[in-house]
K.L.:
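Below is a structure I'd like to ask you about.
None of the values given here were measured: they were computed from a predicted structure. Excluded from the calculations below are hydrogen atoms, water molecules and symmetry mates; all remaining heavy atoms, backbone and side chain alike, are included. Lettering follows sequence order; numbering is per chain, from 1.
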There are 4 protein chains.
Amino acid sequence: MDETQPRRGGRPRSERAREAVLNAVDDLLVEEGYAAMTMKGIAERAGVGRQTVYRWWSTKAEILWEASVIDARDELAVPVSGDQVKDLNAYLVALVAFLTRSPAGAAYRALLGEAQHDTEVAALIATQDVLGDSARRVLDAHGRADAKATALLVGPAVYWTLIGKDPKSLPRAAIVDAVTAYLAAKPGSRRTQ
Amino acid sequence: MDETQPRRGGRPRSERAREAVLNAVDDLLVEEGYAAMTMKGIAERAGVGRQTVYRWWSTKAEILWEASVIDARDELAVPVSGDQVKDLNAYLVALVAFLTRSPAGAAYRALLGEAQHDTEVAALIATQDVLGDSARRVLDAHGRADAKATALLVGPAVYWTLIGKDPKSLPRAAIVDAVTAYLAAKPGSRRTQ
Amino acid sequence: MDETQPRRGGRPRSERAREAVLNAVDDLLVEEGYAAMTMKGIAERAGVGRQTVYRWWSTKAEILWEASVIDARDELAVPVSGDQVKDLNAYLVALVAFLTRSPAGAAYRALLGEAQHDTEVAALIATQDVLGDSARRVLDAHGRADAKATALLVGPAVYWTLIGKDPKSLPRAAIVDAVTAYLAAKPGSRRTQ
Amino acid sequence: MDETQPRRGGRPRSERAREAVLNAVDDLLVEEGYAAMTMKGIAERAGVGRQTVYRWWSTKAEILWEASVIDARDELAVPVSGDQVKDLNAYLVALVAFLTRSPAGAAYRALLGEAQHDTEVAALIATQDVLGDSARRVLDAHGRADAKATALLVGPAVYWTLIGKDPKSLPRAAIVDAVTAYLAAKPGSRRTQ
DNA sequence: TAGTAATCGAGACGGTACGTCTTGTCTTGGA
DNA sequence: TCCAAGACAAGACGTACCGTCTCGATTACTA
């Protein structure tokens with residue numbers, strides 16, 4: 001039913017192999033880092049043939065995306081209290097924690113970096129704006145969120161992190177003020193109604 | 001006098017070789033892109049021995065930094081008119097143009113990406129906040145610039161660019177408003193005096 | 001049955017690659033000489049990956065041994081007539097021709113030389129006394145051959161060749177006399193019975 | 001007067017440098033072996049510029065020849081007692097000791113090996129038949145020595161050594177017999193008169 | 001229940017970049 | 001003019017990984 005190919009016979013894909021690869025990537029990212037990860041290393045760590053890896057994923061970026069970055073949704077989902085300033089601050093804290101301390105965040109940063117000189121990776125991360133979407137969920141509770149508002153909220157934190165500045169000194173208050181002002185000024189926002 | 005090392009004998013470093021390498025990196029970045037650049041390729045393109053490259057630079061990131069990123073200063077230096085809104089808008093236009101169209105900008109993005117999984121590159125780009133410094137020069141004309149203000153100004157534009165969104169739809173007005181509001185509210189800023 | 005290794009999986013060794021390497025070494029030895037032969041050159045000439053060469057042979061000496069020295073057996077196999085003096089003379093002629101004119105002889109001399117400052121090559125050529133064995137086959141027809149007799153027969157010719165003296169002036173008669181005398185005096189030799 | 005060149009001025013050749021190079025080669029031969037010796041290593045060990053080495057010697061073989069092989073003469077000079085069998089045996093003992101235990105012997109074997117695939121080295125060692133000359137000095141005391149007699153005497157021992165056989169089992173008696181017989185049969189030898 | 005077909009782990013294949021090493025030459029300042 | 005130092009262009013070293021290609025073995029569906 002959900003099979004795109006007619007499946008006319010042959011051994012089915014091994015779920016065991018798929019999970020072993022994803023776990024291997026998770027482990028290797030933490031233990032060795034993105035740069036030291038190789039397709040060869042992933043296959044060996046997973047106890048899987050190299051062809052099996054290539055059969056289902058083209059690049060290590062693709063595996064990493066499947067293995068780690070989807071998890072990002074959970075880590076970036078913050079509860080909404082109704083207090084806008086409090087909620088935006090809480091989101092910024094979660095965002096910075098994700099980017100600087102979480103393995104999934106490390107994976108996201110690596111992929112974001114790779115995308116700058118690899119169009120295939122760029123296309124991959126363009127399929128889903130992981131950070132923007134998480135921001136939108138918070139903003140939606142306090143006004144009509146749009147891409148512009150998410151950029152005001154997420155952009156400074158991402159930049160601060162990427163250039164390696166101390167997360168603790170991130171100007172959260174100024175960011176929250178900017179977003180609040182934008183939402184307030186925005187025609188059609190719930191607040192202004 | 002200006003010699004850091006005492007020059008204790010031996011053939012001096014060839015300026016010709018140094019320039020050939022830097023030019024080769026510039027050319028290769030445009031022609032082949034960052035990922036396809038190799039130390040071997042750089043040496044061959046420059047007509048230089050590989051050892052000579054390794055003698056003066058450890059990695060291709062280091063060469064690229066020397067070759068391209070200094071040029072970034074020029075490209076990001078925008079004239080200041082005195083009209084704050086106009087100046088900030090002009091800066092954002094220049095910044096986005098740099099990041100999306102300039103070879104030096106491509107180099108910067110590649111290095112920023114590499115820094116996410118290579119601590120040596122991270123240390124390299126941390127030596128000089130190219131984007132922040134350029135922003136500070138504009139902001140200084142309109143208030144006491146600090147890192148927070150630069151983050152508000154530069155962050156959204158960088159994020160917008162890195163995730164591959166259309167530069168033309170960057171919410172410049174909202175960003176300028178946010179920065180303006182921050183500068184106005186800031187105690188000790190010239191404006192408020 | 002004839003498999004030494006159990007063949008635990010994986011693509012089997014390519015016979016095509018093996019032969020291409022051995023042929024390349026043969027050709028390069030004649031065309032360029034031993035000193036100019038490199039592992040890189042062998043691989044390229046054979047149209048084979050470098051790793052493939054290293055996978056099956058450690059050094060160029062090892063390849064050369066497999067490629068050429070086995071052929072030496074054929075070139076040093078002289079027919080036995082029954083006339084001892086005639087046979088020993090014929091053998092010496094063949095031996096000198098091998099050492100001075102045959103590619104396999106050039107290979108043998110190169111390996112013998114390399115063995116003087118490379119213990120691995122020394123171990124390699126010690127596995128089979130190519131010259132001694134060929135001499136023994138002739139001597140066996142005329143008495144109980146031993147290593148001493150072969151040294152008397154082969155040694156002077158080898159020395160004469162290695163120091164580059166004219167092969168034509170090799171004192172064959174004196175050598176044959178010495179070997180004949182040794183065999184005659186030897187207790188238990190067939191001749192003396 | 002003994003200067004072949006007119007010596008038109010300039011700094012004279014440094015005897016200090018020459019000796020330092022020769023000593024360095026001696027040391028390196030013992031410590032590292034012939035194969036690990038490099039022109040670079042020699043120069044550094046000698047505390048001498050590399051150009052200085054190249055100015056006076058073309059190859060490491062040439063330096064080695066000057067450094068070590070002349071010493072061979074001393075080591076191969078055995079006293080003559082008048083007893084032919086005893087003298088020839090003593091010479092063979094000295095010869096084998098030289099080839100298997102002396103640094104100068106190691107150098108000689110290395111050069112002899114190199115000569116098999118390097119015509120310049122071949123020409124070098126052809127300028128002086130170190131082994132033959134030493135043998136001739138012994139043989140001259142017991143008959144009219146010629147190249148043939150030296151080949152009978154030296155050849156088996158050299159061959160025995162080069163292929164790595166145990167020096168103790170060298171058939172000295174058989175060799176001595178062969179040489180004695182050759183000298184006795186030789187027309188014009190002193191013995192037969 | 002035999003045949004067919006796609007999967008699996010293993011590992012060799014031709015390529016190619018890595019960073020290091022040595023080669024023989026060149027270029028300094030000093031003796 | 002030589003010397004020590006050391007940079008230069010060139011290119012081989014042995015290793016690592018790339019993505020592909022065989023192997024024999026396994027595992028489903030189909031006839």
K.L.:
Report the nucleotide, chosen from E:dG14, F:dT27, F:dC13, that has the shortest atom-to-atom distance to any side-chain atom of C:R16.
P.N.:
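Looking only at heavy atoms from C-beta outward on C:R16, the closest nucleotide is E:dG14.
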
K.L.:
Taking only the side-chain nitrogens and oxygens of A:S14, find out if one of them lies under 4.0 Å from OP1 or OP2 of E:dT7.
P.N.:
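For E:dT7, OP1/OP2 do not have a side-chain N/O of A:S14 under 4.0 Å.
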
K.L.:
Would you indicate which nucleotide in E:dG9, F:dT22, F:dG19 comes nearest to any side-chain atom of A:Y54?
P.N.:
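Given the options E:dG9, F:dT22, F:dG19, the side chain of A:Y54 is closest to F:dG19.
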
K.L.:
Would you kindly give the CD-to-C1' distance between B:E44 and E:dC18, to the nearest whole Å?
P.N.:
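B:E44 atom CD is separated from E:dC18 atom C1' by 13 Å.
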
K.L.:
Could you check whether B:G47 gets within reach of a base, just the sugar-phosphate, or nothing at all, counting any heavy atom under 4.0 Å?
P.N.:
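Result for B:G47 = sugar-phosphate.
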
K.L.:
Rounded to whole Å, how long is the line connecting atom CD1 of B:I42 with atom C1' of E:dG19?
P.N.:
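B:I42 atom CD1 is separated from E:dG19 atom C1' by 14 Å.
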
K.L.:
So, does the side chain of A:R13 form a donor-acceptor pair with the base of E:dT7 at under 3.5 Å?
P.N.:
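No such pair is found, so the answer is no.
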
K.L.:
Both B:S58 and D:S58 contact DNA chain E. Taking the nearest nucleotide for each, which residue is further toward the 5' end?
P.N.:
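Looking at the nearest nucleotide for each, B:S58 comes out on the 5' side.
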
K.L.:
Can you see whether D:W56 has D:R18 sitting over its ring - NZ or CZ less than 6.0 Å from the centre and within 45° of the normal?
P.N.:
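Ring-cation test returns no.
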
K.L.:
Within this structure, what is the CZ-to-P distance between C:R11 and F:dC23, rounded to whole angstrom?
P.N.:
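It works out to 8 Å between those atoms.
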
K.L.:
Judged by each residue's nearest nucleotide on DNA chain F, which is more toward the 5′ side, C:M39 or B:R55?
P.N.:
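Looking at the nearest nucleotide for each, B:R55 comes out on the 5' side.
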
K.L.:
Please give me the minimum heavy-atom distance between B:A24 and B:I42, naming the atom from each residue.
P.N.:
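Heavy atoms only, the tightest pair is CB-O, 3.9 Å.
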
K.L.:
Considering only side-chain heavy atoms of B:T38, which listed nucleotide, E:dC18, E:dT22, E:dC8, is closest?
P.N.:
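Selected nucleotide (nearest to the side chain): E:dC18.
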
K.L.:
So A:R18, base contact, sugar-phosphate only, or nothing? Heavy-atom distance under 4.0 Å.
P.N.:
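No contact at all - A:R18 keeps every heavy atom at 4.0 Å or more from the nucleic acid.
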
K.L.:
Given atom NZ of D:K40 and atom C1' of F:dA7, what is their separation to the nearest angstrom?
P.N.:
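About 12 Å, once rounded to whole Å.
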
K.L.:
Rounding to a whole Å, what distance do you find between D:I63:CD1 and E:dG24:C1'?
P.N.:
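Computing the D:I63:CD1 to E:dG24:C1' distance gives 13 Å.
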
K.L.:
Can you tell me if the side-chain N/O atoms of A:W56 get under 4.0 Å from OP1 or OP2 in E:dA6?
P.N.:
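No, outside the criterion.
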
K.L.:
Give a yes/no verdict on a cation-pi contact between A:R13 and A:W57, requiring under 6.0 Å between NZ or CZ and the six-membered ring centre and an angle within 45° of the axis.
P.N.:
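Yes, A:R13 lies over the aromatic ring of A:W57.
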
K.L.:
Could you state the atom-to-atom distance from CD of B:Q51 to C1' of E:dT20 in whole Å?
P.N.:
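So the two atoms are 7 Å apart, to the nearest Å.
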
K.L.:
Check whether the side chain of A:R50 and the base of E:dG9 form a donor-acceptor pair under 3.5 Å.
P.N.:
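No, the side chain and the base share no sub-3.5 Å donor-acceptor pair.
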
K.L.:
Under 4.0 Å between a side-chain N or O of B:T52 and OP1 or OP2 of F:dA7?
P.N.:
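Indeed not, no polar side-chain atom of B:T52 lies that close.
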
K.L.:
Should we count CD of B:E120 as having more than 12 external heavy atoms under 6.0 Å?
P.N.:
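Result for CD/B:E120: open.
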
K.L.:
To the nearest Å, how far apart are D:K60 NZ and E:dG24 P?
P.N.:
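About 10 Å, once rounded to whole Å.
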
K.L.:
Is a side-chain N or O of B:Q116 found less than 3.5 angstrom from the main chain of A:L112, in a donor-acceptor match?
P.N.:
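No; judged by distance alone, with no hydrogens or angles, the pair does not exist.
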
